[in-house]
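In what follows, a single structure is set out as structure tokens and then discussed.
Chain identifiers are assigned alphabetically (A, B, ...) following the order of the sequence lines, protein sequences preceding nucleic acid strands; residue numbering begins at 1 within each chain. Computed from heavy atoms alone, side chains included, the values below leave out hydrogens, waters and symmetry copies. Keep in mind it's a predicted model, so treat the numbers as computed, not measured.
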Amino acid sequence: DAKTTQPPSMDCAEGRAANLPCNHSTISGNEYVYWYRQIHSQGPQYIIHGLKNNETNEMASLIITEDRKSSTLILPHATLRDTAVYYCIVSGTGANSKLTFGKGITLSVRP
Amino acid sequence: EAGVTQFPSHSVIEKGQTVTLRCDPISGHDNLYWYRRVMGKEIKFLLHFVKESKQDESGMPNNRFLAERTGGTYSTLKVQPAELEDSGVYFCASSQREWSYEQYFGPGTRLTVT
């Protein structure tokens, strides 16, 4: 079972920031927080990951709370193409690198 | 650089038949994963190869499923005999090294068992 909980859906206006929350209260010390998204029926796409520090890349920012029990994915300027299902996943590396997907959160970006 | 490719994109077979799905990972990627989404359910992990060895096959549903990765390059997933509940989308993903974080997913194979 997924170790994360996410609200089922949210929407935001195009050009505004989208803040997607995730709870992972049972995360272990050596587990990472990953975010993937699935646009329509395509294969999932990696967005970002983090252990305990905040992270930023060209797609998004990841804010992890100090106790690591929750995180927020931030899409700074959402576009219509960001409409997708976003998955917050807790996983390890190496032999523990399998991804356990939950239901994810459906983000709808409106014009 | 080519991404992860999967063949076929769509397969329709009858119950009891055999189907083989193929995945070509990104060149040089040691890790290869199979996942699937059956109707109305979440994407589920099936198994993980490191080169040609099965690292984790805890997600394989039963012995009707056989995955191979000869030579550590492409992988095949055979379903024999197929059952109605095997219908769904089968995804393959790859990552470069043992400690790589990002998994690159293919477009998936949609399997329909009638």
- Message: Can a donor-acceptor pair be found, under 3.5 Å and without considering hydrogens, that links the side chain of B:Tyr101 to the backbone of A:Tyr34?
- Response: no
- Under a 4.5 Å heavy-atom criterion, the part of residues 86-111 of chain A in contact with chain B comprises A:Tyr87, A:Thr93, A:Gly94, A:Ala95, A:Ser97, A:Lys98, A:Leu99, A:Phe101, A:Gly102, A:Lys103
- Transitive ILVMFWY side-chain link B:Ile26 to B:Phe105, under 4.5 Å: no
- Task: Apply side-chain contact (heavy atoms from CB on, under 4.5 Å) to the pair A:Gln38 and B:Phe91, showing each step before the final yes or no.
- Result: CA-CA 12 Å; A:Gln38 188 175 27; B:Phe91 293 105; 3.4 Å; yes
- Item | Hydrophobic cluster identity match, A:Val33 and A:Leu20, side-chain contacts under 4.5 Å | yes
- Path from B:Trp34 to B:Phe65 over hydrophobic side-chain contacts below 4.5 Å: yes
- Query: With hydrophobic residues grouped by side-chain heavy-atom distances under 4.5 Å, do B:Leu111 and B:Met39 end up in a single group?
  - Reply: no
- Is the NE2 atom of B:His10 crowded by more than 12 outside heavy atoms at less than 6.0 Å? yes
- Identify which part of B:Arg97 has an atom lying under 4.5 Å from any heavy atom of chain A, answering side chain, backbone, both or neither. neither
- Treat each ILVMFWY residue as a node, draw an edge where side-chain heavy atoms are under 4.5 Å apart, and state whether A:Met10 and A:Ile47 are in one component. yes
- Message: Within a 6.0 Å radius of atom CZ on A:Arg68, are there more than 12 heavy atoms belonging to other residues, nucleotides or ligands?
- Response: yes
- Is chain A contacted by the side chain of B:Gln55, its backbone, both, or neither, given a heavy-atom distance below 4.5 Å? side chain
- Part of residues 41-49 of chain B lying next to chain A, heavy-atom separation under 4.5 Å: B:Glu42, B:Ile43, B:Phe45, B:His48
- Note on the structure: Cut-off 4.5 Å, heavy atoms of chain A, and the answer for B:Ser95 is neither
- Relative to chain A, which segment of B:Tyr35 carries a heavy atom at a distance below 4.5 Å: side chain, backbone, both, or neither? side chain
